[in-house]
Amino acid sequence: YSLNVWATMVPIVGGVALASLTEIQFNLYGFICSIISSAMTALQLIIVGLMLAGGKMKKMDPVNLLLYMAPTSLVFLVPTLLIFEGSHIYNHYSHHPDQLAPTSGLLVVSGVVAFLLNYSTFVVAALISSLGLVVWGNLKAVSSIILSVIFFRNPITLTNWLGCFVAIGG
């Protein structure tokens, strides 16, 4: 990307960081996890953009990309789930077996929604740049802050507002 493109990222990322760091309910561990998550999402979107565009790699369509990504994600996520949540899940459903069917239905619905979200993300990634998707992701964070103020009456400081406006202006 050109220097101008990178320069436009500074106010967007800086505004989101300013709005987040000055949050009244700020938690450093949560902020670090959020930064790592954002970096990994950006990396994923760059790789997805490259795979959808072709170039040095074989060009893929969104459905085939999901066909390869979903099992890989499953391989990483199931062991993590079992390590961190396995005993809690077992204990809960051993005492409440009647809740297993409704929960299974919710998992199926959640899986369908995740598929549709990933598919639509990949289609959009094929139409616009990965950087564009990252910018929209940062604006989504600002929107979440604003919506939390409107709907949940979360307190917000002048610095939070300034961060939101800087990010939107970027």
### Message
According to side-chain contact (heavy atoms from CB on, under 4.5 Å), who are the partners of L162, at least two apart in sequence or on a separate chain?
### Response
L18, V166
### Message
Tell me every residue that passes side-chain contact (heavy atoms from CB on, under 4.5 Å) with I32, counting only those two or more places apart in sequence or in another chain.
### Response
L28, I36
### Query
Do V63 and L65 share a hydrophobic cluster, counting only Ile, Leu, Val, Met, Phe, Trp and Tyr and linking them when any side-chain heavy atoms are less than 4.5 Å apart?
yes
### Query
Tracing side-chain links under 4.5 Å among I, L, V, M, F, W and Y, which residues wind up in one group with F76?
none
### Task
Following the transitive rule for hydrophobic clusters with a side-chain heavy-atom cut-off under 4.5 Å over Ile, Leu, Val, Met, Phe, Trp and Tyr, establish whether L117 and F122 coincide in one cluster.
no
### Task
Answer yes if M51 and L127 sit in the same cluster of Ile, Leu, Val, Met, Phe, Trp and Tyr residues linked by side chain heavy atoms under 4.5 Å apart, and no otherwise.
yes
### Message
Holding to ring-ring contact (aromatic ring centres under 6.0 Å, His included), I want the full list of residues that pass it with H96, two or more places apart in sequence or in another chain.
### Response
H92
### Task
Could you identify which residues cluster with V78, counting Ile, Leu, Val, Met, Phe, Trp and Tyr as linked when any side-chain heavy atoms lie under 4.5 Å apart, either directly or through a chain of such contacts?
L74, L82
### Query
Partners of L100 by side-chain contact (heavy atoms from CB on, under 4.5 Å), sequence neighbours excluded?
Y93, S104
### Query
Can V75 be reached from L77 by stepping across I, L, V, M, F, W or Y side chains whose heavy atoms are under 4.5 Å apart?
no
### Query
Got a sec, which residues hit side-chain hydrogen bond (donor to acceptor under 3.5 Å, both in side chains) with S148, two or more places apart in sequence or on another chain?
N154
### Atom pair CG/OH of L66 and Y119 - distance to nearest 0.5 Å
9.0 Å
### Message
I'd like to check the side-chain contact (heavy atoms from CB on, under 4.5 Å) partners of Y68; sequence neighbours left out, ordered by chain and number.
### Response
M60
## Note on the structure
For D61 and N64, the nearest pair of non-hydrogen atoms, with its separation, is OD2-ND2, 2.9 Å
### Query
Between the side chain of S37 and the main-chain N/O of C33, is any donor-acceptor distance below 3.5 Å?
no
Distance-only check: which donor-acceptor pairs under 3.5 Å involve side-chain atoms of residues 83-91, not counting sequence neighbours?
| residue | atom | partner | partner atom | Å |
| --- | --- | --- | --- | --- |
| N91 | ND2 | S87 | O | 3.2 |

